[in-house]
Amino acid sequence: MNKPRMSLQTQVYALIVLLGIITFAVKLKLSSEQTQAFYQQQMATHARDTATSLGLAISPYLNERDMMVARTMVQAIFDSGYYAQIELKDDQNKSLVNLNHNPEIHGVPSWFMRLFQLTAPTYTKELNSGWKVGGFLSVTTHPGAAYIELWQQVKQAAISSAMILVIALSLAYLVLRSVFRPLRKVEQQAQRIGQKQFVQNNASPKSRELFSVTKAMNDMVTSIQRTFDALTKQSDAYYRQAYRDELTGLGNRRAFDNQLSAVTEQLQDEHTHSVAMVTLPSLQLINEHHDYRQGDAYVLAVLEVIKRYLAHLGDYHIYRISGGTFTIHMPYPCDFVAETLSRLHHSLQKEQHHRYEKGFAHLSIASVNSCSTVGSILSELDTAISTASPDKPAMCQTHNLVQSQSQWRETIVRIIEQGNFSYSFQPVRKQQQQQAHYFETFVRISDQGKSIDNQQLFAMAERLGLACELEKKLFQAFINFRNTHTELALAVNLSKEAFYNEDFITWVCRQAHHYGCLRHNTVLEIGEATLLADIAMAKNVLARLKAFNIKVCIEHFGSSLTSFRYLRDLNIDYVKVDAAYTKDLQQNDDALALLRSIVTTCTGVGIKTIACHIENAVSFDKAMQLQFDGLQGNYIKPPMQLEEGPEQAIFNFQTRTL
């Protein structure tokens, strides 16, 4: 993990402060040393002058009869306090007068005297009595006065220099702040570009260099925005042409076929999904006897009823596979959605009107398992329509026994308290390297020896208000696993209920703060439909997660059949294209244009693209040609247990025909 770097502004400020302090210190030292030398010289001169003048004054009194006069004169000079010692000796070097002063100095710190030492100078004067030597006079100056003067001078110099330093640094700060203000805006603009937010910088720097940098950054942002908008429009056109119904904005027959085929191939034997068909028997008569606008209104009215009754399911997809036929894919067993579809059926029956001669809408339901095909499911649904009654929708087949809410609550509470989880991992292979971007984590939940369908489990947990507690349990188990495998980049999925729950996100942030493993090599996979539910809130949640260096991947990208302009507002690291599109690579070259546009657009804004559901050589080769950043699927490597081999071998996976 990269260490935080010091800003240029801080470095410049630090350099200026350092230079100021060095200048202050050098100037103060030189000034102090000059003052010290001056006072040292002054003391030497003072000692010499005193010895000369005093020697001349006492020379006539060096005889034994007048010695008292000489001693009195020496004592008077010594009492002035400016001398450490005055000594008078005769011509035989015998001490006649020896006066000493206490060397203690008051008012000057001892550390200052150790730093600036003044040596007390001694000057000796030869005294003459007539033509012969009468004696010797030694005068030693006391350094106390010099120390006091030096201390005062240094203090004044330090205060004045410090004031000049503070004023200079303040002026430098004000000048540099005005210079760095536009530079900070350039930095913020660069950071936003890294977060996939392309905004103009309105600052107008005075300096030529910063002005050029600002203009270049704005030009680059404008160019990226134009390219992104153009590619988005192009991709939207491909969506509309290949996969979207023009009237309703829903997926068309091709989108339904691809999605259902991808789902059935990924289903485990014991798990099932549901598909419902809603037909509009009176559509042809309305188009013939009235006009197509009323027919379109009829179609939209039925769609509105369907959406109203399915809204609480959370995870479902509606397709318009022909003019008067809707299909609904729900990743839940038939018994799980039977009550909801029964209410929908009754609502459709209540809409009967004399305008709808053949009925308003008919509903049938079929169960989908790993052996189902698109053709067989549609055939069953179409045949079952004829058996529908006003009381209940036609049910083709079911595979699961419905549980009561109390039974589900007991099951979920038991899983939260003592759930048995097992993991498998599937790598997302880098495009040109035998390495993984990360390993997607798949959790298998068991209760009392029986495997539980994850989507059904979370749907019931959400209905019972236990979704976040269940998500915390799973996420804590993931953290425990991360703690023992910190070297692996692992991805974990977040449900919509957990993603938009403030308590859960706050809990995740606390865990990321406490467990360093989450701040390194962790990816959160979030469904596209989850993000599109509330873009503004999603942006805020992602910002909080990204603050802990957690990477984010949008899975099922493109499944909502909506414009992906929203990518420009979200700080996303990866997009995993929905399996329906990568599966379509096997039979339909038209999908290549759409996927090429997705790859180009995402690459332009710094987002890595992942092609999933790579199950054969054809899909692999075409995904490689399209330059996806990552590839995932059983052809690359199927999900595996960590215990299958040494951890180093996980990174050395090989595709089967490389």
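Remark: side-chain polar atoms of T325 are not paired, donor with acceptor, to backbone N or O of I321 under 3.5 angstrom. S347 places no side-chain N or O within 3.5 Å of a backbone atom of R343 that could act as its donor or acceptor partner. With hydrogens and angles ignored, the 3.5 Å screen pairs no side-chain donor or acceptor of Y574 with any backbone N or O of V523. Counting only distance, with no hydrogens or angles, the side chain of T600 and the backbone of R596 share a donor-acceptor pair below 3.5 Å. A donor-acceptor pair under 3.5 Å is absent between the side-chain atoms of S274 and the main chain of S367, judged by distance alone. A distance-only check finds no donor-acceptor pair linking the side chain of S379 to the backbone of G375 [under 3.5 Å]. A distance-only check finds a donor-acceptor pair linking the side chain of S282 to the backbone of G359 [under 3.5 Å]. When atom types are taken as modelled, the side chain of Q431 and the backbone of M624 share a donor-acceptor pair closer than 3.5 angstrom. For T383 (side chain) and E380 (main-chain N/O), no donor-acceptor pair under 3.5 Å exists by modelled atom type.
Taking CG of L363 as the start and CD1 of I328 as the end, the distance is 6.5 Å to the nearest 0.5 Å. To the nearest 0.5 angstrom, Y438 atom OH is 15.0 Å from R429 atom CZ. How far NE2 of H317 is from OG1 of T327: 11.5 Å, rounded to the nearest 0.5 Å. Between the NZ atom in K637 and the CD atom in Q632 there is a gap of 13.0 Å [rounded to 0.5 Å]. Rounding to the nearest 0.5 Å places CD of Q349 at 6.0 Å from NE2 of H362. Distance check, rounded to the nearest 0.5 Å: CD1 of I318 to CG of L250 gives 6.0 Å.
Between G295 and N287, the shortest heavy-atom contact is CA-OD1, 3.4 Å. Across all their heavy atoms, E471 and A498 have their closest contact at CG-CB, 3.5 Å. The shortest heavy-atom contact between G323 and L283 is O-CD2, 3.2 Å. Pairing each heavy atom of A361 with each of P281, the nearest pair is CA-CD, 4.0 Å. Looking at every heavy atom in both residues, A491 comes nearest to F478 through O-CE1, 4.4 Å. Scanning all heavy atoms of the two residues, the minimum distance from Y500 to L531 falls at OH-O, 3.4 Å.
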Intermediate values then yes/no, side-chain hydrogen bond (donor to acceptor under 3.5 Å, both in side chains), N258 and S261: CA-CA 5 Å; N258 293 341; S261 296; 5.9 Å; no
Residue pair Y319, F256: steps toward the ring pair (Phe, Tyr, Trp, His ring centres under 6.0 Å) verdict: CA-CA 6 Å; Y319 305 86; F256 172 73; 5.4 Å; yes
Residues Y243, Y581; criterion side-chain contact (heavy atoms from CB on, under 4.5 Å); working and verdict: CA-CA 10 Å; Y243 297 103; Y581 303 111; 3.7 Å; yes
Derivation of the side-chain contact (heavy atoms from CB on, under 4.5 Å) call for L341 and H345: CA-CA 6 Å; L341 294 181; H345 174 74; over 6 Å; no
Q259 and D578: CA distance, side-chain angles, deciding distance, side-chain contact (heavy atoms from CB on, under 4.5 Å) verdict: CA-CA 8 Å; Q259 185 67 44; D578 192 66; 2.7 Å; yes
CA sep, side-chain torsions, deciding dist, call: T373, L260, side-chain contact (heavy atoms from CB on, under 4.5 Å): CA-CA 8 Å; T373 63; L260 194 61; over 6 Å; no
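Y298 and F360 have their aromatic ring centers within a separation under 6.0 angstrom.
Considering only heavy atoms from C-beta on, L474 stays 4.5 Å or farther from V492 through its side chain. At least one side-chain heavy atom of T340 sits less than 4.5 Å from a side-chain heavy atom of L310. Proximity of I286 to L280: side-chain heavy atoms (C-beta onward) are nowhere separated by under 4.5 Å. Here the side chains of Q426 and N634 are in contact, with some heavy-atom distance below 4.5 Å. The side-chain heavy atoms of L247 and V299, taken from C-beta on, include a pair separated by under 4.5 Å. Side-chain contact between Y309 and L348 is absent, with no heavy-atom pair separated by less than 4.5 Å. Here the side chains of T264 and C371 are not in contact, with every heavy-atom distance at 4.5 Å or above. For the pair L567 and I554, the minimum side-chain heavy-atom distance is below 4.5 Å.
Ring geometry, F475 versus W507: the interplanar angle exceeds 60°, so the pair is classed perpendicular (tilted spans 30 to 60°). Taking the six-membered ring where the residue is Trp, Y423 and F425 present parallel rings, their angle staying beneath 30° rather than reaching 60°.
Between K473 and E469 there is no salt bridge, since none of the side-chain N atoms of the basic residue sits less than 4.0 Å from a carboxylate O of the acidic one. Under the 4.0 Å criterion applied to side-chain N and carboxylate O atoms, D245 and R320 are assigned as salt-bridge partners.
Put simply, the residue from E555, E525, E528 that forms a salt bridge (charged side-chain N to carboxylate O under 4.0 Å, His left out) with K576 is E525.
By the 6.0 Å contact criterion, CD on Q294 is enclosed, its count of non-hydrogen atoms from other residues, nucleotides or ligands being greater than 12. By the neighbour-count criterion of 12 heavy atoms within 6.0 Å, atom CD of E339 is sparsely surrounded, having that number or fewer from other residues, nucleotides or ligands.
Side chains of D503 and T506: a donor-acceptor N/O pair is absent below 3.5 angstrom, by distance only.
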